[in-house]
Amino acid sequence: MLSYQHIYHAGNLADVQKHALLAWMLSYLTRKDKPVSYIESHAGRGLYHLDAPEAVKTGEAAAGIDRVLETHGLPDAHPLLQALAACKQTHGATSYPGSPLIAAHLLRPQDSLHFAELHPGEHVALRNALPRGRAKLHQQDGFELALSLAPPTPRRGLLLIDPSYEIKSDYGRIPGIIANLHRKWNVGVIALWYPILKDGSHGPMLKALENQGLPGALRHEVRFPPVREGHRMIGSGMFVVNAPFGAQDECTRLDQLFARMQRAV
């Protein structure tokens, strides 16, 4: 639980899918003047430098966000690119924003942000990365935080669940946790990221989620080759409850982006 370090994977193809869809949903929610709540269960450090030895070692960012930028794969006005540009302006050309910094850039002063991060070092790094006073940080189990806050104030909002899945029991726990969260917060957008692994570990979890008949459920997956020999991840998925209107169109755009990148290989 406390060993995962996302710096090895920051900016990879899974991040492109997750962060592009997240940024689009946050941008959609802020089209109205009404304030929103944003919660993350597994926030990480929030800020990464893609020239760090860990990132260079795996080369995952080079095959991910770097290729998207080189090929102009996203429209210039895409909210992910706006957040990325703001991050580079503040933290340098090699910086890459995790979801907390993406949210901090796209959300407004009237919006409420809560981030849970249990890892002591990552928690400190997240506190240093965020603008002072921008969010409430919680060094506690992210599932416990989400359940304790639901329903948040304001009630409009989005929860991102993005565990490392190093704890294998998470696959079995998550459907029940999401069902409980939805019962408590029936208007909330609940977004779950999951890896697609060669052994199909995500399969039973997705089947359980789909069998619950959750409203506005959207499942989006992208596939890509393993980044290196022996790597188990072959894709990335998002399961969204109460998906905002137009989210399927954004997923279609991402499908087209990934198809173009695959053809270019």
Side-chain angles (χ1 to χ4, degrees), residues 1-11 15 18-19 22-23 25-27 29-30 35-50 52 54-55 79-80 82-84 86-92 95-167 170 173-174 177-178 180-181 184-185 188-193:
M1 177 174 60
L2 297 179
S3 63
Y4 179 80
Q5 299 290 314
H6 191 64
I7 182 57
Y8 288 95
H9 315 291
D15 267 2
K18 173 176 60 182
H19 290 158
L22 172 67
M25 291 191 291
L26 291 175
S27 179
L29 289 174
T30 57
V36 302
S37 293
Y38 177 69
I39 306 167
E40 279 199 36
S41 63
H42 301 75
R45 63 174 44 224
L47 174 65
Y48 305 92
H49 287 278
L50 301 184
E54 299 91 341
L80 175 57
Q82 296 174 15
L84 181 57
C87 183
K88 289 177 179 292
Q89 184 175 8
T90 303
H91 301 286
S95 63
Y96 181 80
S99 44
L101 261 65
I102 292 171
H105 173 72
L106 294 174
L107 296 180
R108 306 154 301 181
Q110 67 265 38
D111 299 323
S112 174
L113 292 81
H114 292 267
F115 299 116
E117 177 50 53
L118 195 55
H119 189 290
E122 299 292 278
H123 181 87
V124 171
L126 177 61
R127 184 175 299 281
N128 293 335
L130 286 167
R132 187 176 299 276
R134 187 66 183 94
K136 293 183 179 179
L137 274 61
H138 309 261
Q139 191 174 353
Q140 70 177 99
D141 179 87
F143 295 126
E144 292 178 0
L145 174 69
L147 289 166
S148 70
L149 290 176
T153 302
R155 289 179 64 92
R156 288 184 75 242
L158 187 153
L159 162 66
L160 175 63
I161 301 174
D162 179 23
S164 67
Y165 294 94
E166 284 191 312
I167 304 175
D170 281 352
R173 296 175 60 208
I174 283 173
I177 290 171
I178 288 180
N180 194 2
L181 285 164
K184 299 178 70 174
W185 186 24
V189 179
I190 302 173
L192 169 72
W193 176 83

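What you see is a predicted model; the values in this text were computed from it and never measured. Below, each value reflects all heavy atoms present in this structure, side chains not excepted, and no hydrogens, waters or symmetry copies.
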Minimum heavy-atom separation for [X] to [Y], with atom names?
X	Y	value
A150	L181	CB-CD2, 4.0 Å
D141	L118	N-CD1, 4.0 Å
L22	S99	CD2-CB, 3.6 Å
L130	A135	CD1-CB, 4.3 Å
W193	Y165	O-OH, 2.6 Å
A23	I102	CB-CG2, 4.1 Å

For the ring pair F143 and H42, is the centre-to-centre distance below 6.0 Å?
yes
Keeping [X] on the side-chain end and [Y] on the backbone end, is there a donor-acceptor pair under 3.5 Å?
X	Y	answer
D111	R108	yes
K184	L147	yes
E117	G44	yes
H119	G121	yes
S37	P154	yes
H49	A52	no
T90	C87	no

Please list, chain by chain and in numerical order, all residues satisfying side chain to side chain donor-acceptor pair (under 3.5 Å) with R132, sequence neighbours excluded.
none
Separation between [atom1] of [X] and [atom2] of [Y], rounded to the nearest 0.5 Å:
X	Y	atom1	atom2	answer
L80	S27	CG	OG	11.5 Å
E144	H138	CD	NE2	13.0 Å
R134	H105	CZ	NE2	10.5 Å
L107	S112	CG	OG	9.5 Å
L29	L26	CG	CG	6.5 Å
R45	N128	CZ	CG	9.5 Å

Given the rule in the side-chain contact (heavy atoms from CB on, under 4.5 Å) test, do L159 and I161 qualify, once you have shown the distances and angles that lead to the verdict?
CA-CA 6 Å; L159 162 66; I161 301 174; 3.9 Å; yes
Is there side-chain contact between [X] and [Y], with heavy atoms separated by less than 4.5 Å?
X	Y	answer
D15	H9	no
P97	L47	no
F115	L145	no
L101	H91	yes

Under the side-chain contact (heavy atoms from CB on, under 4.5 Å) criterion, do L106 and T30 qualify, and how do the steps go?
CA-CA 8 Å; L106 294 174; T30 57; over 6 Å; no
Would the number of heavy atoms belonging to other residues, nucleotides or ligands and lying under 6.0 Å from NZ of K136 be above 12?
no
Any chance you could lay out the side-chain contact (heavy atoms from CB on, under 4.5 Å) test for L192 and I174, step after step, and finish with the verdict?
CA-CA 9 Å; L192 169 72; I174 283 173; 3.8 Å; yes
Carefully, step by step, assess E40 and H114 under the rule side-chain contact (heavy atoms from CB on, under 4.5 Å).
CA-CA 6 Å; E40 279 199 36; H114 292 267; over 6 Å; no
Pairing donors with acceptors under 3.5 angstrom, does anything connect the side chains of H19 and Y96?
yes
